[in-house]
Enquirer: 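The structure under discussion is supplied below as structure tokens; questions concerning it will follow.
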Amino acid sequence: MATQCTTGTVTGVESGTGAAPRLEARGVTVGYGERAVIDALDVTVPQGVVTTIIGPNGCGKSTLLRTLSRLLKPVSGSVVLDGEDIGRLKTREVAKKLGLLPQSPVAPEGLTVADLVARGRHPHQGWLRQWSSDDASVVEGALEMTGVADLADRSVDTLSGGQRQRVWISMTLAQGTDLLLLDEPTTYLDLAHAIDVLDLVDDLHESGRTVVMVLHDLNLAARYSDNLIVMKAGSVLAQGHPGEVITAELLEEAFGLRAKVIDDPVGDRPLIVPIGRTHAPGVDARTGNPST
Amino acid sequence: MNETVVKRTVAPGVRLGRVSFVWRPWILLVTLVLTAAALLLFCLSISVGDFPIGLPRVVATLFGRGEQVDEFVVMDLRLPRAAAGLVVGVALGISGAITQSVARNPLASPDILGITGGASAVSVFLVTVSGGAAAAISSVGLSVAALAGGLGTGLLVYFLAWRRGVDGFRLILIGISVSAVAEAITTWLLATADIKDVARAQAWLVGSLDNRSWNEVGPALWGTLVLMAAVACVAFQFKPLHFGDDVAAGLGVRYSRVRAVLLLCAVLLAAMAVSAAGPVPFVAMVAPQVAMRLTRSPTPPMPASAAVGALLLIGADLVARTALPLTLPVGVVTAVIGGPFLIFLLVRANRR
């Protein structure tokens, strides 16, 4: 446990917490074939907070998350989990420390919610020991926490998108890890269901878990995370607390988006108000400068 | 109060010493009933014939307590045929359950994936090309050829379908293409061969349990038992693969390796079946689907698929021998029974 890791890549990251990072990418380069999607990238995931990766389409957000969860093997560099190189750990040992929810997973037709969530216990089971009372209580806890216990007997394909996403998160929870990686958990959900899922992420955070996720919606990312990783074209543009990171200049640089950043009337976070081509009163539609 | 409510949400577990598993009484019951039915048909298949032997006498003889008169008929004449039916049915049932699970598509049976087609092409080649000259080629030679052909095409399809992992749909498309090539070769061989060889080849191509001897059934029996043990070992690691590669990896499964081992077992089981009985159509596709619906499982259950496969094959053979005015090869009957039964199950599911 007392592994002393000397970080060779000290980055000027204002992550807010002084504790050793849970998960860290050290100079990782990841690519499909010849093309490098991520190039020599360093990020740290601090313990006990919600970290969200944002960035324009195709910037390598999901690739980074997949690399952090060792679904993708980096061409060079390494991912370090609790001080150990994730590539050297056994797959099963990683699964006991790190829970992963991939993008839009599918369940076989007719599978019940309880059976799906129970599958999350897989890393803790063996050929002989396929089900124990421990498993049962953890699964029950996961069902309760995600609010899907009432749906336990329903088949997954009969649920709404929001319910289904809760069930998948429940399965990841049943894995019993305090580190969760969620790849776009709000995709295809309407705003109300997205808020519902992110409130659940908040609950997970409250219960002491470390969460890393990829989100498309910048305002939701700012509202629900303590640590933002802003990516552009395979490298990290900025990392830190939303209040420090989210500025009009950064949005222009990362997304090519003209926007005003104001105080969120509901929370203590910044709120992004995008300026479209024609929707800003008092602003010239073409240049974005105040009209004369 | 609260506790009873909570208990209901998760399936109860059973613990026997170090072994524990989820208690699913319905699946267990259906599997046991199917297995019992398959064994009953197995005995019935031995009992029926020109010289009928009652079921109790069949069972007694099988356990070595029979009369000498029955001994020869049961053990040497009829048991090989019944055993061939059992082994081929079980092998095809498991093979189909694996391929359908891996591809996550009910279309992906060994017939579609080219295994059967490849085995047929190689066997027909042996019968028609070298058959005329070397009449000495025994049935064992044919079985080995079928096994090699099935394994060869199965591996070819797997490697052609490989592109940073195996995608179910791609596997099926390549399987269909390779099957078509194998079929074309078979047809070409039949068209150009000597008419006597063609008759022999045709008889084999339909799939039949006629005139089986221990020479053919023995190797298939042992091979199937070994492969079943291998499948049972990997089956637990295979469970998360029903949710796709990413989820499986997240749950700590080395999915490429598990899938490769299971697909290899499936190819070998199917090739083993073809080598013992020729290409019996439809069993590998129908058995897992029937088993799924009877056990009400969301995925093809392997033990029940094996039982349904055996039931279907021995049952079809019995029907072919007794109920029809002329004796037909079993392959004709499996398609006639299996197809409508699957349609019935699908229609019933739609009505619900």
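Lettering follows sequence order; numbering is per chain, from 1. All values below come from the heavy atoms of this structure, side chains included, with hydrogens, waters and symmetry mates left out.
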Enquirer: So which residues of residues 302-310 of chain B are in contact with chain A at a heavy-atom cut-off of under 4.5 Å?
Expert: none
Enquirer: Verify side-chain contact (heavy atoms from CB on, under 4.5 Å) between B:Val247 and A:Met171, making sure each step is shown before the conclusion.
Expert: CA-CA 10 Å; B:Val247 175; A:Met171 187 209 76; 3.9 Å; yes
Enquirer: Pick whichever of A:Arg129, A:Arg119, A:Arg92, A:Arg70 has the most heavy-atom pairs under 4.5 Å with chain B.
Expert: A:Arg119
Enquirer: What residue in A:Leu71, A:Leu100, A:Thr177 has the most heavy-atom pairs under 4.5 Å with chain B?
Expert: A:Leu71
Enquirer: Report the option among A:Ser155, A:Gly110, A:Pro102 that has the most heavy-atom pairs separated by less than 4.5 Å from atoms of chain B.
Expert: A:Pro102
Enquirer: Side chain, backbone, both or neither: which part of A:Leu98 has a non-hydrogen atom closer than 4.5 Å to chain B?
Expert: backbone
Enquirer: How long is the gap from CH2 on A:Trp168 to CZ on B:Phe243, to the nearest 0.5 Å?
Expert: 5.5 Å
Enquirer: Which answer fits A:Leu111, side chain, backbone, both or neither, if we ask what part of it has an atom under 4.5 Å from a heavy atom of chain B?
Expert: both
Enquirer: Return the option, out of A:Leu116, A:Val94, A:Val113, A:Thr112, with the maximum number of heavy-atom pairs under 4.5 Å with chain B.
Expert: A:Leu116
Enquirer: Report, as yes or no, whether the 6.0 Å neighbourhood of atom CD on A:Glu109 holds more than 12 heavy atoms from other residues, nucleotides or ligands.
Expert: no
Enquirer: What's the shortest heavy-atom distance between B:Pro298 and A:Pro108, and which atoms?
Expert: O-CB, 4.0 Å
Enquirer: What are the residues of residues 249-257 of chain B, in order of number, with any heavy atom under 4.5 angstrom from a heavy atom of chain A?
Expert: B:Ala249, B:Gly250, B:Leu251, B:Gly252, B:Val253, B:Arg254
Enquirer: Do you know which of A:Ser69, A:Ala95, A:Ser132, A:Ala136 has the most heavy-atom pairs under 4.5 Å to chain B?
Expert: A:Ala95
Enquirer: What I want to find out is whether B:Arg24 reaches A:Asp115 closely enough, with some N-O distance under 4.0 Å, to be called a salt bridge.
Expert: yes
Enquirer: Name the region of A:Gln125, side chain, backbone, both or neither, that has any atom closer than 4.5 Å to a heavy atom of chain B.
Expert: both
Enquirer: So what's closer than 4.5 Å to chain B heavy atoms on A:Arg121: side chain, backbone, both or neither?
Expert: neither
Enquirer: Looking only at heavy atoms and a cut-off of under 4.5 Å, which of B:Ala235, B:Ala232, B:Ser297 has the most pairs with chain A?
Expert: B:Ala232
Enquirer: Which label fits A:His122 and B:Phe236: parallel for a plane angle under 30°, tilted from 30 to 60°, or perpendicular past 60°?
Expert: parallel
